[in-house]
Amino acid sequence: MQAITKNNNYEAIVEDYTHEGMGIVKIEGYPIFLPDVLKGEVVNFKAIKVNSKYAFGKVLDVLKESPNRQTPPCEYYFECGGCQIQVMNDAEQASFKKQVVHQNINQQARLNLKINDTVTGDSLYYRNKSQIPVQKIDGKVIMGFYKSRSHDIVDIEHCYIQKNVHNDIMMFIKDKLIEEDTSIYDELTHTGLLRHIVIRSNSDDSEIQVVFITKSKRNEFLSITKALKTKFPNVKSVVQNINDEKTNVIFGKRSIVITGQDYITDTLLGKTFKIRDRSFYQVNHAQTEKLYQIGLDMANLSGNETIIDTYSGIGTIGLAASDRVSKIVGIEIVDSAVEDAIENAKLNGIDNAEYHLGKAEEVMPALVDEGISADVVFVDPPRKGCHTQFLDALVEVSPKKIVYISCNPSTLQRDMKYLERHGFKAKEVTPVDLFPQTKHIEAVTVLENTNTL
Ligand code: SAH
């Protein structure tokens, strides 16, 4: 029997947060999840979805407010799915993120490690990449971001987490699309042209790329591009990417340059990187520099080491370490990223880097068979974390240190636990906030090899 009944109202105190940033209240030990409440608040809520082990509720009233509650800076916050924790002030967001890392590392994996305070930074106007879906509804062009768990777009004029120049460009393009009556893609009928606009800028906004993602290769963007370049001279690259599939994946496989180069360049920890439209590049530049610097400091490199940069993307982490290592071996699954990494090494005059194309879980065992040895391995996987086949090979390489950078504390704790069982021990984990206003959490740690002590 559940302790609560659907559609009834209850009063409770918010005890904790879920990994999604929702508040947890309990009635007779039974947990109910509520959006947009802060720890310590007393709330009145209605039970709206009641399952056997937990329920979801709708907040009717906050009877006692937390001093850390803030009015969301963004007027679209309660509608838009892009942000989840704008009701928390910066301090509360930092403490929420630290707590989620703590729950994962110390309660789930029981690793009993020190969790450092979240490394924070500017909490607004930080995103250097905006992926903006475009729709036409009743003849009106709609551009913005999806509502949570939906493909309905909230039509927005200003996003507080993307860089402000992206807001200017977004609105400029919208006006032009209306003026030119550009054909817009319709998801349901799979007809029409323009699906998404992607805007990406480098750290000082001196180079900006705009991508029109379209269903076919028909180019209706020449005059918009011309106007865009006149109004925003820092737009150095305009690309059309073609995606003719019925899919949620934003980018298609083919890109055509409309004007300028097919890339922009950015500087990260003193090195220059070329970034193409489909390449992975961290969205928060200032915080990424802090994150990678912490990782490099943890590696404590002397200059003679061989490092393996796994999940290397366009080569950022390894190349940032290049002044302090004798050899870099990169592993990455996306071929264009490997091409970029090779080119980025050259661009920075680095000749001691080699890159292997393939799945880390396949390339790493192959390198072990070839007898590779490495002093430090950097691990920076996507959200799903590492394959055990990769971890087994990593254990066999037996580096002195593993620096693990993670965008998902839940797979981080799973992988750390596995590595700990194989003799790799960490002392501390540091959360770094790369995604303020959202539930997303980045963390970095170093695991030392106790097998060789
Ligand atoms: N270290 C880079 C990229 C990190 S993102 C940076 O900081 O910029 C994770 C990267 O892992 C992406 O480039 C993605 O293409 C790659 N990837 C995903 N699954 C992989 C796998 N199984 N093996 C190797 N690389 C993978």
Side-chain angles (χ1 to χ4, degrees), residues 127-129 200 202-203 249-251 253 263-296 298-299 307-322 325 328-345 347-348 350 353-368 376-394 397 402-408 411-412 414-415 432 434-435 440-445:
R127 276 191 75 97
N128 61 23
K129 184 185 184 189
R200 178 136 75 177
N202 68 354
S203 47
V249 176
I250 296 176
F251 277 93
K253 293 192 179 73
Y263 61 84
I264 55 170
T265 53
D266 199 9
T267 306
L268 190 85
L269 293 175
K271 296 288 181 289
T272 307
F273 294 94
K274 278 190 182 176
I275 309 152
R276 286 192 282 173
D277 56 350
R278 278 164 288 168
S279 304
F280 176 89
Y281 190 67
Q282 293 283 15
V283 298
N284 184 333
H285 184 268
Q287 291 301 95
T288 300
E289 287 198 325
K290 291 182 200 165
L291 172 75
Y292 291 175
Q293 190 59 56
I294 295 169
L296 293 177
M298 286 172 163
I307 62 169
I308 309 181
D309 180 10
T310 65
Y311 309 88
S312 51
I314 62 168
T316 34
I317 298 176
L319 297 176
S322 60
V325 299
I328 302 162
V329 178
I331 305 175
E332 162 63 44
I333 198 173
V334 172
D335 54 0
S336 64
V338 169
E339 284 168 26
D340 288 346
I342 293 169
E343 206 181 324
N344 285 327
L347 195 63
N348 290 288
I350 296 163
E354 64 177 52
Y355 290 91
H356 298 260
L357 172 64
K359 292 183 181 166
E361 56 272 27
E362 289 171 8
V363 175
M364 197 72 163
L367 293 175
V368 168
V376 180
V377 177
F378 290 87
V379 180
D380 185 15
R383 288 184 58 76
K384 67 173 186 269
C386 302
H387 202 288
T388 44
Q389 221 166 292
F390 168 78
L391 294 175
D392 288 339
L394 177 56
V397 172
I402 298 167
V403 177
Y404 194 134
I405 294 173
S406 162
C407 56
N408 183 354
T411 53
L412 174 68
R414 181 198 68 199
D415 293 346
V432 181
L434 264 65
F435 314 103
H440 299 290
I441 302 172
E442 194 86 16
V444 54
T445 187

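In this text, all values refer to a predicted model and were calculated from it rather than measured experimentally. Whatever order the structure lists ligands and atoms in, that order sets their numbers, starting from 1.
- At the shortest separation from atom 23 (N) of ligand 1 among protein heavy atoms lies Ala360 N, 2.8 Å.
- For atom 12 (C) of ligand 1, the closest non-hydrogen atom of the protein is Glu332 OE1, 3.5 Å.
- For atom 4 (C) of ligand 1, the nearest protein heavy atom (residue, atom name, distance) is Asp380 OD2, 3.2 Å.
- For ligand 1, the polar-atom distance check against Tyr281 finds no nitrogen or oxygen pair separated by under 3.5 Å.
- Set against the non-hydrogen atoms of Thr316, the atoms of ligand 1 under 4.0 Å away are 2 (C), 6 (C), 7 (O), 8 (O).
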Should Gln293 and Lys290 be marked as a side chain to side chain donor-acceptor pair (under 3.5 Å) after you check the CA-CA gap, both sets of side-chain angles, and the distance that decides it? CA-CA 5 Å; Gln293 190 59 56; Lys290 291 182 200 165; over 6 Å; no
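- The side-chain heavy atoms of Val444 and Tyr404, taken from C-beta on, include no pair separated by under 4.5 Å.
- With hydrogens and angles left out, the side-chain atoms of His440 and Glu442 include no donor and acceptor closer than 3.5 Å.
- Atom 22 (N) of ligand 1 has as its closest protein heavy atom Glu361 OE1, 3.1 Å.
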Begin with the C-alpha distance, continue with both residues' side-chain angles, and end with the deciding distance and a verdict on side chain to side chain contact (heavy atoms under 4.5 Å, CB included) for Glu343 and Ile314. CA-CA 9 Å; Glu343 206 181 324; Ile314 62 168; over 6 Å; no
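- Heavy-atom distances between Phe378 and ligand 1 stay at or above 4.0 Å for every pair.
- Numbered from 1 in the order shown, with element, the atoms of ligand 1 that lie under 4.0 Å from a heavy atom of Gly358 read 23 (N), 24 (C).
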Is there a salt bridge (Lys or Arg N to Asp or Glu O under 4.0 Å) between Asp340 and Arg276 once you walk through the steps? CA-CA 8 Å; Asp340 288 346; Arg276 286 192 282 173; 2.8 Å; yes
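- When side chains are defined from C-beta on, Phe378 counts as touching Leu296, because their heavy atoms get closer than 4.5 Å.
- Scanning all protein heavy atoms for the shortest distance to atom 18 (C) of ligand 1 gives Pro382 CG, 3.5 Å.
- Of the heavy atoms in Ser312, only backbone atoms (N, CA, C, O) come closer than 4.0 Å to ligand 1.
- No side-chain heavy atom of Gln287 sits less than 4.5 Å from a side-chain heavy atom of Phe435.
- Where the criterion is an N or O separation shorter than 3.5 Å, residue side chain and backbone included, Tyr311 meets it with respect to ligand 1.
- Using a 4.0 Å cut-off to heavy atoms of Lys359, the atoms of ligand 1 that qualify are 23 (N).
- Annotation: side chain of Val377 is not in contact with side chain of Val403 (no heavy-atom distance under 4.5 Å).
- Annotation: Phe280 is not in aromatic contact with Tyr311 [ring centroid separation under 6.0 Å not met].
- What sits closest to atom 7 (O) of ligand 1 on the protein, heavy atoms only, is Tyr292 OH, 2.1 Å.
- Distance from atom 25 (N) of ligand 1 to its nearest protein heavy atom, with residue and atom name: Ile333 N, 3.3 Å.
- Residues Ala443 and Leu412 approach most closely at CB-CD2, 4.1 Å, considering heavy atoms.
- Near Val334, meaning under 4.0 Å from one of its heavy atoms, ligand 1 places the atoms 15 (O).
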